[in-house]
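Comments concern the structure below.
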Amino acid sequence: MNILYPALVMFALTMFVQFRLGALRFAAVKKGEIDPRFYKTYQGAEEPEKLRVHTRHLVNLYEAPILFYAIVIIAFATTQSGWLPQLLAWLYVLLRIAHSFVHLGSNKVMLRFRLFVLSLAVLIAMWFSVFASLLIS
């Protein structure tokens with residue numbers, strides 16, 4: 001197994017949300033739910049709630065996951081991608097998928113928060129495991 005595969009799945013999740021947001025925005029403009037001029041400067045009338053949630057979620061996928069991509073590259077480049085970093089990488093991606101499902105679905109805040117915090121804990125463990133392996137080798 002290769003540690004780059006979880007990064008590919010994370011990328012696919014991000015692109016899914018990116019294109020879904022684009023489709024939702026296009027549909028909202030077409031239905032007259034929002035003035036297309038809003039997207040020129042993101043000022044004026046607010047986006048409908050569903051779009052705001054999707055927009056915020058997409059922004060979130062460009063925040064903490066950057067640290068995931070970085071540690072995956074470090075692990076791969078330094079050949080420190082043994083079973084533990086790979087397991088943690090897959091666990092991180094699964095938690096982020098679950099987080100996306102909750103955020104873009106029921107949006108239960110406490111469940112979403114728990115999934116997010118757990119994913120951060122897994123990400124921290126992944127950083128420690130990769131750098132501990134580097135120190136040992």
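Computed from a predicted structure; not experimentally measured. What you see below is based on every heavy atom in this structure, not just the backbone, and it leaves out hydrogens, waters and symmetry mates.
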To the nearest 0.5 Å, atom NE2 of His99 lies from atom CG of Leu118 at 11.5 Å
With a 4.5 Å heavy-atom cut-off, do Leu88 and Ser129 have their side chains touching? yes
Check: His57/Ser100 side-chain N/O donor and acceptor closer than 3.5 Å: yes
Arg20 meets the salt bridge (charged side-chain N to carboxylate O under 4.0 Å, His left out) criterion, sequence neighbours left out, with none
With the 4.5 Å side-chain cut-off for hydrophobic clustering, are Leu13 and Phe19 part of the same group? yes
List, by chain and then residue number, the residues other than Val117 in its hydrophobic cluster (Ile/Leu/Val/Met/Phe/Trp/Tyr, side-chain heavy atoms under 4.5 Å); write none if there are no others. Met110, Phe113
Hydrophobic cluster identity match, Leu94 and Val9, side-chain contacts under 4.5 Å: no
Heavy-atom pair with the smallest gap, counting every atom of Ala7 and Phe68: CA-CE2, 3.8 Å
Please indicate whether Phe76 has more than 12 foreign heavy atoms, meaning atoms of other residues, nucleotides or ligands, lying under 6.0 Å from its CZ. no
Which hydrophobic side chains are connected to Ile124, either touching it within the sub-4.5 Å cutoff or through other members that do? Phe128
Value for CZ (Phe101) from OG (Ser106), rounded to nearest 0.5 Å, stands at 7.5 Å
Are Val130 and Ile73 connected in the hydrophobic side-chain network, where two residues link if heavy atoms are under 4.5 Å apart? no
Holding to salt bridge (charged side-chain N to carboxylate O under 4.0 Å, His left out), I want the full list of residues that pass it with Arg25, two or more places apart in sequence or in another chain. Glu47
Heavy-atom pair of closest approach, residues Glu46 and Ile34: O-CD1, 4.1 Å
Tell me whether Leu84 is reachable from Leu134 by hopping between hydrophobic residues (I, L, V, M, F, W, Y) whose side-chain heavy atoms are closer than 4.5 Å. yes
Partners meeting side chain to side chain contact (heavy atoms under 4.5 Å, CB included) with Ala64 (sequence neighbours left out): Tyr92, Arg96, Leu120
Note: with side-chain heavy atoms under 4.5 Å as the link, the other cluster members for Val59 come out as none
Where at least one partner belongs to residues 117-137, residue pairs that pass salt bridge (Lys or Arg N to Asp or Glu O under 4.0 Å), sequence neighbours excluded: none
Just do the side chain to side chain contact (heavy atoms under 4.5 Å, CB included) check on Ile97 and Met10 with the steps written out, would you? CA-CA 8 Å; Ile97 290 169; Met10 192 69 207; over 6 Å; no
Drop me the distance from Ile71's CD1 to Thr78's OG1, to the nearest 0.5 angstrom. 7.5 Å
How many angstroms lie between atom CZ of Phe131 and atom CD1 of Ile74, to the nearest 0.5 angstrom? 4.5 Å
Which residues pass the salt bridge (charged side-chain N to carboxylate O under 4.0 Å, His left out) test with Glu63, sequence neighbours left out? Arg56
Out of Val53, Leu104, Thr55, which residue meets the side-chain contact (heavy atoms from CB on, under 4.5 Å) rule with Leu21? Thr55
For Ala98, the side chain to side chain contact (heavy atoms under 4.5 Å, CB included) test, sequence neighbours excluded, returns Leu115
Between Leu4, Leu91, Ile3, which is the residue that forms a side-chain contact (heavy atoms from CB on, under 4.5 Å) with Gln86? Ile3
In Å and rounded to the nearest 0.5 Å, what is the OG to CE distance from Ser81 to Met126? 9.0 Å
Residues passing the side chain to side chain contact (heavy atoms under 4.5 Å, CB included) test with Tyr62, sequence neighbours excluded, are Thr14, Met15, Gln18, Leu58
Taking transitive links into account, so neighbours of neighbours count too, which hydrophobic residues share a cluster with Ile136 at under 4.5 Å side-chain distance? none
Give a yes or no on whether the ring-centroid distance for Tyr39 and Tyr42 is below 6.0 angstrom. yes
Quick one: are Leu95 and Val122 in side-chain contact, heavy atoms under 4.5 Å? yes
Applying a strict under-4.5 Å side-chain criterion to I, L, V, M, F, W and Y, I'd like to know whether Phe16 and Tyr69 cluster together. yes
By side chain to side chain contact (heavy atoms under 4.5 Å, CB included), which residues pair with Tyr5, not counting sequence neighbours? Met1, Asn2, Trp90
